[in-house]
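Take a look at the structure below.
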Amino acid sequence: MNSDSTAPDPTTSEPAPSKGAGQDEEANYLLAARREKLAALEEKGMAPFAYHFERTHPSSRAAELFQEAEAQESLNEKGHGDTVRVAGRIVSWRSHGKSAFAHIEDGYGRIQLYFRLNVLGEEDFSALDLLDLGDWIGVEGPLFRTRTGEITVQATSWTMLSKSLRPLPFGKEETDPDSGERVVHSGFSDTQSRYRQRYADLAVHPEVREVFRLRSRIVRSLRDFLDARDYLEVETPILQPIYGGAAAEPFVTHHNALDTRLYLRIADELYLKRLIVGGFERVYEVGKDFRNEGIDRSHNPEFTMLEFYQAFADYEEMMDLVEEMLVTVAENAVGSRRIQYQRTEIDLSPPFQRVSFVEALNRGLGRDLHQMTDPELAVTLKELRGDDPRIDEMGRGRLLDKLFGALVEESLVAPTFVVDYPVVLSPLAKLHRDDPRVTERFELFVAGRELANAFSELNDPLDQRERFLSQMQLREAGEDETHPVDDDYIRAMEYGMPPTGGVGIGVDRLVMLLADQPSIRDVILFPTLRPEEGRQG
RNA sequence: GAGCCGGUAGCUCAGCUGGUAGAGCAACGGACUUUUAAUCCGUAGGUCCUGGGUUCGAUCCCCAGCCGGCUCACCA
């Protein structure tokens, strides 16, 4: 190439280099080529980073416009329709010497562009050499159909909107003529890079963008559903002096001015119920919870939880509400109550199956758990999970919970309410009105995963204190994930809390289900990852 | 935390029983005025994850480490 002194030196002007950016130095020849084009654009007086572009039509709208013109037979003698101004990122380029085809992509789809020397003139046409995949351009020209039938903008002029200085990892794609499916060749598939550089993942994968559009529709639909039922959306603290509402390990932080320890919330529950005490009959919150635990395909350290509480309702009523909510959201967001999750058909039509925790577990065990001693349960669990010494430390509640996880959960593919959980597992739920050994609680399972958790909320402050204390005893006996005592919460309840039904729904998991995504990381834009090497904290 | 698999060009991947590397796409130069995985000719591009070891010689074998994926454990 040339050694133009105005060309920026890529080794010194590369932004924010870090130790972890070593690969960029290796790729310098690719970055350098784009820097040179950038300099060449400037030399021609073409601003590589524009301020504005007057777009007349999004890509999809432009295509519709042409089809309308065809239907009205209003094309001119050249077969041209209206002139449009479209803008987008160049995602493919086919140069033919004195003509060139490209596709640009905008927020609404793709449209093909056609450039010809004799239309653009020598100067504008030759400047096309300075374009790269990834550049943003604006184009003006009439719509027409190519010989192969694709609606295309014939560029009479084009404008640089933003020069891409770093190649996006575009794959080549084709449409299989038989199946009509899009086949991507050698795309961008390294999982870690895709999550770490989600911007690049989104830029080259329209289907990934679609997942997050769907996520947005789902969340909006959840809100609409509750708003329509006179629920009040509220915001409660994420930084809390005492964490609670679930059995989980919290993140711990410190507030300097108050010189006090704070926890990131693990659930919204206790604050929302304080609001029920305060006199709001129906409240909900959708927000992030944080749990300092492992990461796998269904767990991210921060995740989105929807919790809603309704005065005067019990868990039966909340079950009906959850059924209606799921079917409504599915129909609003994906257009059907029958969905496919990882090749399994799932019908979300109410009513869902209902089975009691004990009944389901007995079925899994093949015997009656009430006839089994703790050591017998422990032996059974060891047979399933291997001889883990921690099993000997577990109390009965924990054992039952683990056995349920091992024997039952996976089989709950069709939507199923598991109801009436053992008291030890449910310190915030009311005792069952007919059976004091269990609580009025349900969990909803779909596709073998827990999606919702709900109870007739415990509103007896004396009972609540007892439950907290027995959790404390469990902790002293060695169980780590027990619920801490929250005196302020009890104080609130002492003022008087109406009977209340409450539900928590894991929003990420709901999105996984409806978007047919196998990993929670595929429905979180920026999932938690180990920090990149070389970054300063 | 454990097991399995992996880390080779910007991206996606080959690389045999050890002889210091290849393809496609992307890039660069050239041809081509309705293509669409455009095509054709040519060029350049590599700390084979890191550090030790074995060997005349290591991308390959051994050890340790780092990072990732999957499965399991934990948790929603």
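Letters go in sequence order (proteins before strands), and every chain restarts at 1.
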What nucleotide among [options] has an atom nearest to a side-chain atom of [X]?
| X | options | value |
| --- | --- | --- |
| A:F188 | B:U12, B:U34, B:A27 | B:U12 |
| A:S189 | B:A26, B:C28, B:U12 | B:U12 |
| A:R398 | B:C28, B:C74, B:G10 | B:C74 |

Who pairs with [X] by ring-ring contact (aromatic ring centres under 6.0 Å, His included), at least two apart in sequence or on another chain?
| X | value |
| --- | --- |
| A:W93 | A:F115 |
| A:Y421 | A:F357 |
| A:F144 | A:H80, A:Y114 |
| A:F417 | A:F352, A:F442 |

Original post:
For RNA chain B, what residues of residues 403-422 of chain A have any heavy atom nearer than 4.0 Å?
Top reply: none
Whether [X] contacts [N] is assessed here as follows: a side-chain N or O lying under 4.0 Å from the phosphate OP1 or OP2. Is that the case?
| X | N | result |
| --- | --- | --- |
| A:K37 | B:A27 | no |
| A:R94 | B:U39 | no |
| A:R297 | B:U71 | yes |

Donor-acceptor pair (no angle test) under 3.5 Å: [X] side chain, [N] base:
| X | N | answer |
| --- | --- | --- |
| A:E150 | B:U35 | no |
| A:T146 | B:U35 | yes |
| A:D296 | B:C74 | yes |

**OP:** Classify the nucleic acid contact of A:D401 as base, sugar-phosphate or nothing, counting any heavy atom under 4.0 Å across all strands shown.
**Re:** nothing
Subject >> Sugar-phosphate, base or nothing in reach of A:E443, heavy atoms under 4.0 Å >> reply: nothing
Modelled atom types, side-chain donor and acceptor of [X] and [Y], under 3.5 Å:
| X | Y | answer |
| --- | --- | --- |
| A:S157 | A:E140 | no |
| A:R34 | A:S164 | yes |
| A:S59 | A:D106 | yes |
| A:Q112 | A:R94 | yes |

Using the [atom1] atom as the point on both nucleotides, what is the distance between [M] and [N], in whole Å?
| N | M | atom1 | result |
| --- | --- | --- | --- |
| B:G68 | B:G24 | C1' | 25 Å |
| B:A14 | B:G7 | C1' | 15 Å |
| B:U55 | B:G18 | C1' | 9 Å |
| B:C66 | B:G10 | P | 26 Å |
| B:A9 | B:C25 | C1' | 12 Å |
| B:G52 | B:U59 | P | 14 Å |
| B:C32 | B:A44 | P | 24 Å |
| B:C67 | B:U50 | C1' | 10 Å |

Mate of [N] where both pairing distances stay under 3.5 Å, Watson-Crick or G-U:
| N | result |
| --- | --- |
| B:U55 | none |
| B:A2 | B:U71 |
| B:A64 | B:U50 |
| B:G24 | B:C11 |
| B:G45 | none |

In whole angstrom, give the distance that lies between atom [atom1] of [X] and atom [atom2] of [N].
| X | N | atom1 | atom2 | answer |
| --- | --- | --- | --- | --- |
| A:F101 | B:U39 | CZ | P | 15 Å |
| A:Y29 | B:U43 | OH | P | 16 Å |
| A:L133 | B:C11 | CG | C1' | 12 Å |
| A:L131 | B:C28 | CG | C1' | 16 Å |
| A:D129 | B:G29 | CG | P | 8 Å |
| A:Q112 | B:U34 | CD | C1' | 8 Å |
| A:I295 | B:C70 | CD1 | P | 12 Å |
| A:R35 | B:G10 | CZ | P | 17 Å |

Name every donor-acceptor pair, under 3.5 Å, that has one atom in a side chain of residues 444-455 of chain A and the other anywhere in the protein, sequence neighbours excluded.
residue : atom : partner : partner atom : Å
A:R449  : NH2  : A:Y341  : OH           : 2.5
A:N453  : OD1  : A:R441  : NE           : 3.0
A:N453  : OD1  : A:R441  : NH2          : 3.3

Set of residues satisfying salt bridge (charged side-chain N to carboxylate O under 4.0 Å, His left out) with respect to [X], sequence neighbours excluded:
| X | result |
| --- | --- |
| A:D522 | none |
| A:R194 | A:D201 |
| A:R89 | none |

Subject >> Aromatic ring proximity A:Y284/A:F308, centre distance under 6.0 Å >> reply: no
Original post:
Crowded around A:Y108 OH? As in, over 12 foreign heavy atoms under 6.0 Å?
Top reply: no
Tabulate atom names and distances for all N/O pairs under 3.5 angstrom spanning the protein and nucleotides 67-69 of chain B.
residue : atom : partner : partner atom : Å
B:C67   : OP1  : A:R530  : NH1          : 3.4
B:G68   : OP1  : A:R530  : NE           : 3.3
B:G68   : OP2  : A:R530  : NE           : 3.2
B:G69   : OP1  : A:R521  : NH1          : 2.4

Enumerate the protein-to-nucleotides 31-33 of chain B contacts in which both atoms are nitrogen or oxygen and the separation is below 3.5 Å.
residue : atom : partner : partner atom : Å
B:C32   : N3   : A:G97   : N            : 3.2
B:C32   : N4   : A:G97   : N            : 3.2
B:U33   : OP2  : A:K98   : N            : 3.3
B:U33   : O4'  : A:S99   : OG           : 3.4
B:U33   : O2   : A:R116  : NE           : 2.8
B:U33   : O2   : A:R116  : NH2          : 2.9

Original post:
For A:E410, which residues count as a side-chain hydrogen bond (donor to acceptor under 3.5 Å, both in side chains) partner, sequence neighbours excluded?
Top reply: none
Subject >> Of A:R145 and A:L451, the one whose closest RNA chain B nucleotide lies more 5' >> reply: A:R145
